[in-house]
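Structure first, commentary second.
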Protein chains: 2
Amino acid sequence: MENRVTLKELSKLLNVSISTVSKALRDSPEISPETRKKVKELAELNQYVPNALAQNLKNRKTKTIGVIIPSILPHFFAKALHGIETKAAELGYGIIICISNESREKEAESIKRLMNGRVDGLILSLSRETQASKDTSHIMDILKYRIPLVLFDRVLEEIDCDKVSINDALQAEQATIKLFQQSCRKIVYCTGISNTSVDDQRKIGYLQALESLKLDSNFVEFDTPEVASAAIQKLLKQDKMDAVLASDELSAILAMKSILKSGYRIPEDVAIIGFTNGSMSEHFVPSLTTVDQHAEEQGSLALETMVDRIEGKLPADKLNYKLETSIIQRDSTLPE
Amino acid sequence: MENRVTLKELSKLLNVSISTVSKALRDSPEISPETRKKVKELAELNQYVPNALAQNLKNRKTKTIGVIIPSILPHFFAKALHGIETKAAELGYGIIICISNESREKEAESIKRLMNGRVDGLILSLSRETQASKDTSHIMDILKYRIPLVLFDRVLEEIDCDKVSINDALQAEQATIKLFQQSCRKIVYCTGISNTSVDDQRKIGYLQALESLKLDSNFVEFDTPEVASAAIQKLLKQDKMDAVLASDELSAILAMKSILKSGYRIPEDVAIIGFTNGSMSEHFVPSLTTVDQHAEEQGSLALETMVDRIEGKLPADKLNYKLETSIIQRDSTLPE
DNA sequence: CTGAAAGCGCTTACAG
DNA sequence: CTGAAAGCGCTTACAG
């Protein structure tokens with residue numbers, strides 16, 4: 001039941017100075033091999049663990065990265081976080097996670113909490129409120145204090161920092177074209193995540209595709225599942241829908257359920273492509289054709305970029321990765 | 001582009017001592033109101049943020065809790081984490097998250113990483129390897145250093161610490177009896193998470209129920225989805241299954257898919273109850289009747305217990321919460 | 001090869 | 001009401 005042992009205590013036990021103990025433990029050539037050995041043995045015996053707080057204070061670095069995400073419940077963020085954590089462990093870094101819950105205020109609070117020496121850098125996926133309001137003063141503070149910042153997935157181009165995201169507009173455009181190629185002419189865009197940069201980008205891609213294909217657009221935007229289902233069933237009844245491009249997993253699943261319930265077949269009557277490749281996409285019957293957002297890779301690349309930045313391995317100019325994505329063909333669209 | 005300002009710098013600007021600045025900022029009555037005001041204004045102007053590392057070192061507490069979980073991908077852990085984070089934010093604490101990836105070694109590493117002054121306490125859900133091997137020496141180290149420890153969900157009774165879990169055995173027993181009451185006589189236990197305390201407990205409950213009901217047991221244990229599906233289809237063919245008790249969400253979904261694919265009806269031919277109430281349970285067709293594990297509440301209670309322990313509000317005797325759970329009736333069992 | 005000293009940025013008991 | 005001093009636990013340039 002002892003308390004943690006310190007350098008001071010070890011030095012007393014050995015009748016040497018604290019400096020000697022410290023150097024011996026870090027294998028400094030200044031110290032004689034015998035002393036080094038003695039010190040290390042005693043340290044081992046007493047299960048000495050250096051106090052990270054003191055080390056960090058002295059070294060002015062913490063080997064930990066702060067991560068702020070809007071939520072952890074959507075599969076995308078859980079996977080991205082997994083990618084971040086895995087890469088961090090690999091590179092010898094730890095992570096501190098805060099969840100903004102889509103709120104700008106909580107995001108700003110978390111930033112404050114972390115900007116006080118606790119972390120060497122911040123990885124952020126912006127909250128919906130921040131993206132909607134475009135009020136990024138709290139983000140600018142990070143830059144002002146010269147704390148490295150990496151934005152991922154939900155990025156804002158005007159912020160001068162490293163970024164990792166997928167080319168959502170391009171993907172949405174290609175997905176729309178794919179639906180067109182399956183003879184769909186009434187392609188409806190369905191989203192439960194309005195007001196995020198990713199959703200905006202996807203809408204842009206969708207509209208671009210429609211314009212070049214000379215088709216009309218149609219949107220279902222919702223906050224609650226009930227609203228979504230009602231809107232979809234209405235469109236079906238009015239014969240205004242033979243395909244769905246869904247911006248998030250939940251809206252894709254809700255759409256499929258409404259479609260099946262109304263007696264239509266997937267993909268013969270209505271084809272669907274979703275974003276986010278979660279477990280529901282894989283296991284629903286029929287399984288959902290999705291744009292793979294490479295959540296884990298985004299997370300892993302964001303962390304790697306951060307560490308490279310911290311360790312000065314990157315040029316001064318900020319990086320802006322746009323990951324290539326691919327469409328995972330499943331049963332909600334016709335086979336090629 | 002300035003660097004972060006310190007007490008020392010503020011004190012120089014104001015021509016007072018560091019102590020005065022420090023006390024003024026903490027509203028000490030020792031300092032005159034005018035000085036306090038002046039100091040605070042300058043601090044505000046310079047966006048002074050106290051260095052948490054230095055504060056923590058001095059105060060010997062960090063107001064942050066370490067959380068080590070086996071994985072973040074299963075919905076249960078994502079939800080539990082959400083509960084932990086929410087409650088932590090509410091109580092003014094931060095959390096540091098490590099993922100053990102079900103490995104005892106990574107778990108031990110994370111513990112070492114966190115036990116060096118970084119956190120005030122540790123919340124843990126044990127990795128599968130640790131639970132299987134029962135080698136808990138790395139956990140004992142935590143206790144030895146008098147670091148508060150709360151175990152949740154995957155607990156081990158022999159460890160002397162606060163615990164939060166659900167009564168898995170009882171729940172499994174009741175779920176089994178519920179299936180019996182729907183005239184099921186060939187109830188198969190299906191699991192993809194063998195060798196965890198929760199699975200062991202559920203098996204115990206299942207077997208207890210079967211014994212009192214004088215029924216035979218039958219197990220499907222698997223590592224890959226293919227194995228599960230094959231095993232289930234075999235049992236169906238041999239007419240050895242009219243109900244499934246599934247220990248995790250994935251095995252429940254896999255079972256349902258196999259059953260439907262083999263042409264049986266749910267719940268008329270085969271009824272199913274699962275554990276873990278994730279999004280797939282809710283949205284699969286038919287939706288899955290599940291035992292609600294109260295993931296968020298487990299997380300939130302674990303964190304609250306931790307904070308109470310740290311702040312000395314708890315008796316010396318360790319607490320052992322067993323949360324009441326309930327069965328969420330959906331379409332994979334007959335209505336009551 | 002070893003140790004005394006300064007310092008990271010803060011807090012607080014004590015003196016004045 | 002204000003400040004000098006000690007200390008949290010470490011690291012490292014410097015002296016010996």
Side-chain angles (χ1 to χ4, degrees), chain A residues 2-40 42-43 46-64 113-120 145 147, chain B residues 2-40 42-43 46-64 113-120 145 147:
Chain A
E2 65 266 45
N3 234 322
R4 224 155 313 134
V5 71
T6 66
L7 286 188
K8 205 201 231 173
E9 283 151 28
L10 290 179
S11 73
K12 246 182 218 149
L13 288 171
L14 285 167
N15 263 319
V16 295
S17 75
I18 298 179
S19 338
T20 303
V21 177
S22 173
K23 287 177 194 160
L25 287 175
R26 344 191 81 244
D27 253 331
S28 159
E30 281 186 71
I31 307 296
S32 76
E34 304 87 67
T35 314
R36 264 188 264 171
K37 186 150 171 277
K38 259 199 317 201
V39 171
K40 282 187 179 171
L42 191 74
N46 288 280
Q47 300 208 50
Y48 170 73
V49 189
N51 182 310
L53 255 26
Q55 283 184 319
N56 293 341
L57 182 60
K58 184 73 200 165
N59 297 335
R60 303 161 141 289
K61 59 174 196 257
T62 62
K63 283 241 174 192
T64 106
R113 245 194 95 72
L114 296 181
M115 275 213 314
N116 52 10
R118 250 182 247 274
V119 298
D120 296 342
Y145 284 121
I147 295 175
Chain B
E2 66 267 45
N3 234 323
R4 224 154 314 133
V5 70
T6 66
L7 286 188
K8 206 201 233 174
E9 281 150 28
L10 290 180
S11 73
K12 245 180 219 153
L13 287 171
L14 285 167
N15 263 317
V16 295
S17 74
I18 296 179
S19 338
T20 303
V21 177
S22 173
K23 286 176 194 161
L25 287 174
R26 343 191 84 244
D27 253 330
S28 158
E30 281 185 72
I31 306 296
S32 76
E34 303 87 68
T35 313
R36 263 188 264 172
K37 186 149 169 278
K38 260 199 317 198
V39 171
K40 282 186 180 175
L42 191 74
N46 287 280
Q47 300 208 50
Y48 170 74
V49 189
N51 182 309
L53 255 28
Q55 283 184 318
N56 293 341
L57 182 60
K58 183 73 199 166
N59 297 335
R60 304 160 141 288
K61 60 177 197 256
T62 63
K63 282 244 175 189
T64 106
R113 246 194 96 72
L114 296 180
M115 273 213 316
N116 53 9
R118 250 184 247 273
V119 298
D120 296 341
Y145 284 120
I147 295 174

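Each chain gets a letter, A, B and so on, in the order its sequence line appears, and its residues count up from 1.
Taking atom P in both dT2(C) and dG9(D), one finds a spacing of 25 Å when rounded to whole Å. Taking the P atom of each, dC10(C) and dC1(D) are spaced 25 Å apart, rounded to whole Å.
The interatomic distance linking Ile18(B) (CD1) with dG7(C) (P) rounds to 11 Å, in whole Å. Separating the CD atom of Glu30(B) from the P atom of dG16(C) is a distance of 15 Å, rounded to the nearest angstrom. One interatomic measurement links the two molecules: CZ of Arg4(B) to C1' of dC8(C), which rounds to 13 Å at whole-angstrom precision. Going from atom CG of Asp27(A) over to atom C1' of dT11(D) covers 16 Å, rounded to whole Å. Distance CD1 (Ile31(A)) to P (dT12(D)): 13 Å, rounded to an integer number of Å. Atom pair Lys12(A):NZ and dT2(C):P shows a separation of 20 Å (rounding to whole Å applied). If you measure from atom NZ of Lys38(B) to atom P of dT2(D), you get 8 Å, rounded to the nearest angstrom. Between the CG atom of Leu53(B) and the P atom of dC8(D) there is a distance of 17 Å, rounded to whole Å.
Looking at heavy-atom distances under 4.0 Å, Ser19(B) makes contact with a base. Across all strands, Asn59(B) comes closer than 4.0 Å only to sugar-phosphate atoms, never to a base (heavy-atom distances). At a threshold of 4.0 angstrom between heavy atoms, the contacts of Ser28(A) with the nucleic acid are absent. Residue contacts for Ser22(A): at a heavy-atom cut-off of 4.0 Å it reaches a base atom on one of the strands shown.
Side-chain N/O atoms of Tyr48(B) include one lying less than 4.0 angstrom from OP1 or OP2 on dC10(C). Close to dT11(D), at under 4.0 Å from its OP1 or OP2, lies a side-chain N or O of Gln55(A). When the side-chain nitrogen and oxygen atoms of Arg60(B) are compared with OP1 and OP2 of dG7(D), none of them lie within a distance under 4.0 Å. Within the 4.0 Å cut-off from OP1 or OP2 of dC1(C), not a single side-chain nitrogen or oxygen of Arg36(A) is found. At dG3(D), one or more side-chain N or O atoms of Ser17(B) fall inside 4.0 Å of OP1 or OP2 (strictly under the cut-off).
Checked against dG9(C), dT11(C), dC14(D), the side chain of Ala54(B) finds its nearest nucleotide in dG9(C). Comparing atom distances between the Arg26(A) side chain and each of dC10(D), dA13(C), dT12(D) picks out dT12(D) as nearest. Picking from dG9(D), dG3(C), dC1(D) the nucleotide with the shortest atom distance to the side chain of Ser32(B) gives dC1(D).
At distances below 3.5 Å, not a single donor-acceptor pair connects side-chain atoms of Asn46(A) with backbone N or O atoms of Tyr48(A). Panel note: side chain Asn51(A), backbone Leu53(A); a donor-acceptor pair is recorded below 3.5 Å. Side-chain N or O atoms of Arg118(A) include none that pairs as donor or acceptor with a backbone N or O of Ala52(B) at under 3.5 Å. Although no hydrogens or angles enter the test, the distance criterion places no donor-acceptor pair under 3.5 Å between the side chain of Arg4(A) and the main chain of Val49(A).
Within the shown strands, nothing qualifies as a pairing partner of dA4(C) under the Watson-Crick or G-U definition with both distances less than 3.5 Å.
In the interface, the side chain of Lys8(A) is not paired with the base of dG7(D) through any donor and acceptor atom under 3.5 Å apart. Between the base of dG7(D) and the side chain of Lys58(B) there is a donor-acceptor pair shorter than 3.5 Å.
Across every non-hydrogen atom of Arg113(B) and Lys63(A), the tightest pair is NH2-O, 3.4 Å.
The structure places CD1 of Ile31(B) at 11.5 Å from NZ of Lys40(B), a figure rounded to the nearest 0.5 Å.
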